[in-house]
Amino acid sequence: MTDTLIPAPAATAADAPAHRDPNVLRWLAAYTSSMLGDGVYYLALSWAAVQAGSPAQAGLVMSASALPRAVLMLGGGVIADRLGPRRVVIGSDAVRCAAVLAVAALLFLTTPRLWPLALLALVFGTVDAVFMPAVGALPARLTGKGQLARVQGMRGLAIRFSNVLGAPLGGLGVAVGGASAAFALAGLLIAVSVPLLISVRVRDLPADDAPRPGGTTALGDLAAGLRYIRHHRVLAPLMLAIALGDFGFVGPLNVGLTLLADRRGWGASGMGWVLAGFGVGAGAAALLLAVRGRVPRAGVVIGCACTAGSVAIGALGFVPALTGAVVVAALVGLLAGLSGALCGALLQTCADPAYLGRVTAVAGLVSLGLAPLSMPFAAAAIGTWGLGPVYVVSAVVCGLGGVVALAVPGLRRAELPG
């Protein structure tokens, strides 16, 4: 093993509440600090890119990280499983910190130019391709399976907290010292995560979760991971359900929401209120998991939440008043947040830890690499057929994810331990 290991704990220790486990809390603090740094970084990058070039050039800089992230994500999962998730996360945060601080120094000494910003975006996207699978694989090495649902809830709360504070902190950095100050703040926040991660200790893999033979090369390991997912009675249908849910969700809640706010006359502030409603709902779902620690009949709940959430997504395209849209968006956030968190918890508990990097990479590729590709098609479809039909089609696609969860016996009967 390449990580710093502690022996697998006894059952009582493994089932200790995650919110009282100092090891888990150190990881959560590191993760929150890193996500805050990400929020500040993205605002600083967008501001600096707009100052250095045209809006079209700024858009290219902002999207430059997407390609390496999508192309390299599966390879990142192999690296996470080979080297150990803790080591990969530490290295990834160290590289991201160094890159951001280097650009901060460059912008402080010279006038903003596009090429260092584009290079930074490419580096960030490349490192993210390794970082994201490792982050997904790490919780299973920190605590017992009975606590992984609670960890997912805690992680969801950290994401919501970072989303709320990240952009304002970035704006404050820009206001005080320009883009260079904001980049420096982002780098320092990411840097805080490194010593915290170094202090985190991971459990050794149980004997039946040790890496299997047959993958002597990186390509062989990747093929083994894909075969493992394809033949797994829970993971295979779960990946399909995640894909359908994300493809139906991304269009209406991104470009669709922008066009909806524009055509309803709500403006940017109205769009902000709708997004706030969604965030409140998603935060409530994360809090539910963090407090309860387990939801019975997880497979059935995923199917029902995804199906009901698809109805709410379809309804959002027909709500005329802003207040009603905020309420519907909160319902979408609650149901999508609940189904998403439970999907993540099932990935964590059903997959062998030895494969978790690759399993998380496949789920991440679907959610972050492929699903966003539907946004330009959604925008074009809205321009051709209008908001209502596109929201209905998106709702049907999302609802199919719930149908898969309820129709496939292995997923429908899936339970969280604890």
Side-chain angles (χ1 to χ4, degrees), residues 1-5 23-24 26-42 44-45 64-104 118-142 151 155 158-159 162 166 183-202 218 221-222 225 344 347-348 353 355-365 367-369:
M1 291 294 168
T2 54
D3 273 334
T4 301
L5 301 174
N23 200 45
V24 174
R26 287 194 297 272
W27 164 80
L28 184 66
Y31 181 75
T32 304
S33 181
S34 182
M35 291 299 100
L36 275 173
D38 278 4
V40 175
Y41 156 78
Y42 282 113
L45 182 67
S65 61
L67 182 60
R69 184 188 300 124
V71 171
L72 301 175
M73 182 80 74
L74 294 180
V78 173
I79 293 173
D81 285 337
R82 281 195 158 201
L83 300 182
R86 174 179 171 273
R87 170 174 286 191
V88 171
V89 172
I90 291 172
S92 300
D93 269 349
V95 171
R96 299 195 309 162
C97 172
V100 172
L101 290 179
V103 170
L119 180 61
L120 175 62
L122 287 171
V123 170
F124 235 74
T126 301
V127 176
D128 272 353
V130 182
F131 174 80
M132 291 178 177
V135 164
L138 190 53
R141 305 285 294 276
L142 303 177
V151 170
R155 182 182 175 187
I159 292 173
S162 302
F183 276 122
L185 177 59
L188 291 175
L189 285 168
I190 297 173
V192 168
S193 70
V194 175
L196 288 170
L197 288 168
I198 292 173
S199 69
V200 168
R201 296 296 177 262
V202 297
D221 283 350
L222 176 58
L347 286 177
Q348 293 278 330
Y355 287 104
L356 254 178
R358 283 160 285 181
V359 170
T360 306
V362 172
L365 177 63
S367 300
L368 301 173

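Only heavy atoms go into these numbers, but all of them, side chains included; no hydrogens, no water, no symmetry mates. Numbers for residues simply follow the sequence, beginning at 1.
Closest non-hydrogen pair, L365 versus A70, comes out as CD1-O, 3.2 Å. Shown here for V40 and G166, the closest heavy-atom pair between the two residues is CG2-O, 3.4 Å. Of all heavy-atom pairs spanning A80 and P133, the tightest one is CB-C, 4.3 Å. Across G37 and A186, no two heavy atoms sit closer than the pair O-CB, 3.5 Å. Of all heavy-atom pairs between R141 and P353, the closest is CD-CB, 4.2 Å. Considering every non-hydrogen atom in both A64 and L122, the closest pair reads O-CD2, 3.4 Å.
Atom-to-atom distance recorded for L189:CG and M35:CE is 11.5 Å, nearest 0.5 angstrom. Summarising the geometry, atom CG belonging to L67 is positioned 9.0 Å from atom OG1 belonging to T126; distances are rounded to the nearest 0.5 Å. For the atom pair L368 CG and M73 CE, the distance stands at 5.0 Å (nearest 0.5 Å). To the nearest 0.5 angstrom, L197 atom CG is 10.5 Å from R26 atom CZ. Going from atom OH of Y31 over to atom CD1 of I159 covers 3.5 Å, rounded to the nearest 0.5 Å. Between the CG atom in L74 and the CD1 atom in I79 there is a gap of 11.5 Å [rounded to 0.5 Å].
Using a 4.5 Å heavy-atom threshold, the side chains of I90 and I198 count as touching. At least one side-chain heavy atom of T32 sits less than 4.5 Å from a side-chain heavy atom of S162. F183 has its side chain out of reach of L101: every pair of non-hydrogen atoms, C-beta onward, lies at least 4.5 Å apart. Using a 4.5 Å heavy-atom threshold, the side chains of R96 and Y41 count as separate. Annotation: side chain of L347 is not in contact with side chain of T360 (no heavy-atom distance under 4.5 Å). Contact annotation: the side chain of F131 never approaches that of R69 to less than 4.5 Å [non-hydrogen atoms, C-beta and beyond]. Side-chain contact check for V151 versus Q348: every heavy-atom pair is 4.5 Å or farther apart. Using a 4.5 Å heavy-atom cutoff, the side chains of V78 and R358 are in contact.
Between the side chain of D81 and the backbone N or O of G357, at least one donor-acceptor pair lies under 3.5 Å. In this structure, the side chain of S33 does not engage the main chain of A30 through any donor-acceptor pair within 3.5 Å.
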What verdict does the side chain to side chain contact (heavy atoms under 4.5 Å, CB included) test give for F124 and D38, after you've listed the backbone C-alpha separation in whole Å, the side-chain angles of each residue and the deciding distance to 0.1 Å? CA-CA 10 Å; F124 235 74; D38 278 4; 3.6 Å; yes
